Amino acid sequence: MKNYLLILTSLFSISLLAQKIDRKALVTRHNVQISTIDTLASLTVGNGAFAFTVDATGLQTFPKTYEHGIPLGTQSEWGWDSYKNTNNYKFSETLRDYRQYGRDISYTVQIKEPARKAEAVNWFRQNPHLLQLGNLGFEITLKDGNLAKASDVKAISQKLNVWTGEIESYFEIEGIPVTVLTASHQQKDEIGVKVKSDLLQQKRLKISLRIPFPTGDWADMGTKWEGKQDYKSTLTEKSKNEAVVTHVMDSISYNVHLNWKGNAKIKQASEHYFLLEASNTNTLELACLFALADKKPVKNSSFTEIQNSSINGWEKFWKSGAAVDFSGSTNPRAKELERRIILSQYLTKVQCTGKVPPQETGLTYNSWYGKPHLEMHWWHGVHFALWNRPELLEKSLPWYQKVFDKAKGIAKRQGFEGARWQKMVDADGNESPSSVGSFLIWQQPHFITYAALMYRAKPTASTLNLYSERVFATADFMASFAHYDAKNDRYVLGPGVIPAQERFKAMETFNPTYELAYWNWALKTAVEWKKKLNQKVPEKWETVLAKLSKLPVADNVYLATESAADSYTNPEFKTDHPSVLGTFGMLPETSLLDKKIMKNTFDLVWKTWSWDKTWGWDFPMTAMSAARLNMPDKAVDALFMNVTTNTYLKNGHNYQAERLTLYLPGNGGILTAAAMMCAGWDGSTEENPGFPKDGTWKVKSEGFKKMF
């Protein structure tokens, strides 16, 4: 009997080992290899609140060459500046009243005239703006004395080691090798670089620090070298191996701390431009730390400390949470899906795990002036909880407390209860004028989603109490925003609303399908929280829930919005996000949903949508809806639609267009969809429900959490 038990124990242990995914093998088979100057293949290191993107040299040597690809950015979530408000623009100048619910309600919008108001709108849209903190690159001199161009860089061999977060670069200049190792500290905004080349001894290879001017434009690639602003960059040499550059701007001052190992000297070559030149050595190690000038000084690390921080931090990340392995699959798309999943985990960890919700281009370059869009935080962050890394989403949730008073202020200004969460926003919670964004409402229930995910991760009274005030204020706004239609004895959303599918006029639109379903789910969730805390449920919440409008239906399909009977005949209404699919994809089955009608809707959208006019997260959203509707073939097909905005570059970035070369909501979407396709959702019992059972998919997954 004893031997029998030993055999059973051994077999059980072997079975567990067989199920365990070899995470290092899984991750490292998707290390990124670069062999040319490819401006869409820039590589990034970072820690979630700070990121540093490099070209084929391992530093930011050719920023102008790369500016229309994946730009060579250096950004931190604290790096915000505002131009001086010399014309004394007031935010009230951006407000315009709209007649909604029988009263005037003010929204901050893009007013075109008079000129003064238009200028005020532009000022508040572009200020504050996230900064490109500095360009750290090589200054390379050829034998003839000219500076090297990108075309002079030969024999390129570059690798991003995804397991360790290190970038190993090799290239040659006129036949002379250069090797570079680049890494980011995981707790500090600090880059470590180790360079080895005889060009250092020849003084033909120098490390440059150049601080750009902010463009103040919609995008900022960190390549504006001149400006009208009176900025100052001051070099202070602390010792023979240490210096600080202090950069003073309009509303921010920050330091760039430089610390090196090796015989070298630093000098200021011109305004905002500094050079570190080695002598009598072919090896140089540099640590470059970015920090606010008014904060307590942070001590520089050595290169070795930065490298170890990267190696240890990334190993801890990859060994945590969930994993999925498609090795052994014969489906030709399996390997590519695995690559997208691994690189999306890397990119979202680097760019989206700070204390502030990220902008859509993360910490690489500015889009929308660097401002986060709170409706996109769902796509940036929900996947962390499903991949059993809830702490990475949790880091950004205290920010909602920081901006809570301003959210309540918006609701009060408009005559609503509770808190109306901002859409296009800065790090301090100030809303930005937008003729579309100010009327969006689908970001409103998001906070309830995040809180519910945190409660699932830690179902305790302390979690309920931690988030309850913001959950309840969110629900208060939602209940007060729903307007009573006495004629039909129901509550409606709008007019005065733009759905997630941004193709409808605000003051003509009411009852968008996805938003109605989200209102239903989120209010019910808030009611459950009240009951868990033994608190009285507000009568208004229950009344709105009981009489919330039904999802709008015509011809046995769900309309995009009740006000658009031509949802599927008007060509314009078949572009942008097919957010009607989010009704049963992003959201679980609600009491408002008819799954047969939803299936009809999916089929119609699939066949007739203008998929070439969509965005990167639309494909994962479609996959999530297909999975819930028990169509795993369609789920996989959705992830691989041959559409430009569903392109995933060598470095894993989701490419959209020339003006938006990376789009992190697409990466987050891939991860959310993958988690649901593996682990399922509440009530699902099938293993890997989002993958076809045709024998071509071999799916080994571990550690995932179910979606609602």
Side-chain angles (χ1 to χ4, degrees), residues 13-34 41 43-48 51 54 58 157-170 179-187 192 194 303-329 331 333-353 383-384 386-392 648-653 667 670-671 674-675 677-679 688 691 697-705:
S13 300
I14 290 167
S15 175
L16 284 177
L17 286 170
Q19 293 172 22
K20 194 77 174 171
I21 292 172
D22 183 343
R23 296 202 178 194
K24 188 171 184 180
L26 168 65
V27 171
T28 56
R29 64 175 169 255
H30 299 290
N31 286 342
V32 184
Q33 304 277 349
I34 305 297
L43 301 175
T44 302
V45 295
N47 58 31
V54 306
S157 178
Q158 186 177 48
K159 180 178 81 173
L160 168 62
N161 186 331
V162 187
W163 183 259
T164 65
E166 299 169 291
I167 299 172
E168 305 161 22
S169 307
Y170 174 92
T179 62
V180 184
L181 187 60
T182 314
S184 171
H185 202 287
Q186 295 304 291
Q187 283 78 44
K194 184 175 183 178
F303 169 78
T304 300
E305 288 170 335
I306 295 170
Q307 182 183 29
N308 288 337
S309 173
S310 181
I311 292 169
N312 295 334
W314 278 104
E315 183 177 16
K316 181 180 178 182
F317 171 79
W318 289 117
K319 288 183 175 180
S320 74
V324 59
D325 183 337
F326 298 126
S327 60
S329 298
N331 192 290
R333 297 182 289 191
K335 184 177 180 181
E336 172 59 13
L337 180 57
E338 190 181 273
R339 183 189 78 91
R340 294 183 185 187
I341 287 171
I342 293 298
L343 295 183
S344 292
Q345 287 180 83
Y346 180 84
L347 291 169
T348 55
K349 166 65 172 68
V350 164
Q351 310 247 13
C352 305
T353 55
H383 64 89
F384 289 121
L386 302 184
W387 282 74
N388 201 15
R389 297 176 181 127
E391 69 280 0
L392 296 181
Y648 284 80
L649 303 171
K650 284 182 184 178
N651 50 23
H653 276 301
N667 297 100
I670 280 276
L671 298 176
M677 290 164 73
C678 289
N688 302 314
F691 290 96
W697 287 92
K698 183 179 179 182
V699 182
K700 186 190 296 184
S701 64
E702 61 189 25
F704 287 101
K705 298 297 183 181

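The model shown is predicted, which means the values in this text are computed figures rather than measured ones. Positions are given from 1, in the same order as the sequence printed here.
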- Query: Just by distance, do the side chain of Arg340 and the backbone of Ile670 share a donor-acceptor pair under 3.5 Å?
  - Reply: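 Flag not set: sc Arg340 to bb Ile670 has no pair under 3.5 Å.
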- Query: Any donor and acceptor pair, going by atom type alone, linking the side chain of Ser309 with main-chain N or O of Gln186 inside 3.5 Å?
  - Reply: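 Confirmed, Ser309 side chain pairs with Gln186 backbone.
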- Item | Sequence-distant partners of Phe326, ring-ring contact (aromatic ring centres under 6.0 Å, His included), two or more places apart | Phe691, Trp697
- Residue list, ring-ring contact (aromatic ring centres under 6.0 Å, His included) with Phe704, at least two apart or on another chain: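 Checked Phe704 against ring-ring contact (aromatic ring centres under 6.0 Å, His included); matches are Trp387.
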- Partners of Asn651 by side-chain hydrogen bond (donor to acceptor under 3.5 Å, both in side chains), sequence neighbours excluded?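 Residues passing side-chain hydrogen bond (donor to acceptor under 3.5 Å, both in side chains) with Asn651: none at all.
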- Query: Asp325 and Ser327: side-chain hydrogen bond (donor to acceptor under 3.5 Å, both in side chains), yes or no, with the steps?
  - Reply: CA-CA 6 Å; Asp325 183 337; Ser327 60; 2.7 Å; yes
- Set of side-chain contact (heavy atoms from CB on, under 4.5 Å) partners for Ser157, sequence neighbours left out: Tyr170
- Please name all residues satisfying side-chain contact (heavy atoms from CB on, under 4.5 Å) with Lys24, sequence neighbours left out, ordered by chain then number. Asp22, Thr28, Trp163
- Message: Tell me the closest heavy-atom pair linking Ile167 and Leu160, and the distance in Å.
- Response: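 Scanning both residues completely, I find the closest heavy atoms to be CG1-CD1, 3.8 Å.
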- Task: Search all heavy atoms of Ile341 against all heavy atoms of Ala674 and return the closest pair with its distance.
- Result: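 Here Ile341 and Ala674 meet closest at CD1-CB, 3.7 Å.
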For a quick test of your reading: what N or O donor-acceptor pairs under 3.5 Å do the side chains of residues 310-317 make, sequence neighbours left out?
residue: Ser310; atom: OG; partner: Thr164; partner atom: O; Å: 2.5
residue: Asn312; atom: ND2; partner: Asn308; partner atom: O; Å: 3.1
residue: Glu315; atom: OE2; partner: Lys319; partner atom: NZ; Å: 2.8

- Message: Taking the basic N atoms (NZ, or NE/NH1/NH2) and the acidic carboxylate oxygens, is any pair closer than 4.0 Å for Glu166 and Lys194?
- Response: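 No, no charged N to carboxylate O under 4.0 Å.
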- Task: Report the C-alpha distance between Arg333 and Glu336 in whole Å, list the side-chain angles of each, state the deciding distance to 0.1 Å, and finish with yes or no for salt bridge (Lys or Arg N to Asp or Glu O under 4.0 Å).
- Result: CA-CA 5 Å; Arg333 297 182 289 191; Glu336 172 59 13; over 6 Å; no
- Message: Just so I know, are the side chains of Thr348 and His383 near enough to count as touching, which here means a heavy-atom distance under 4.5 Å?
- Response: yes
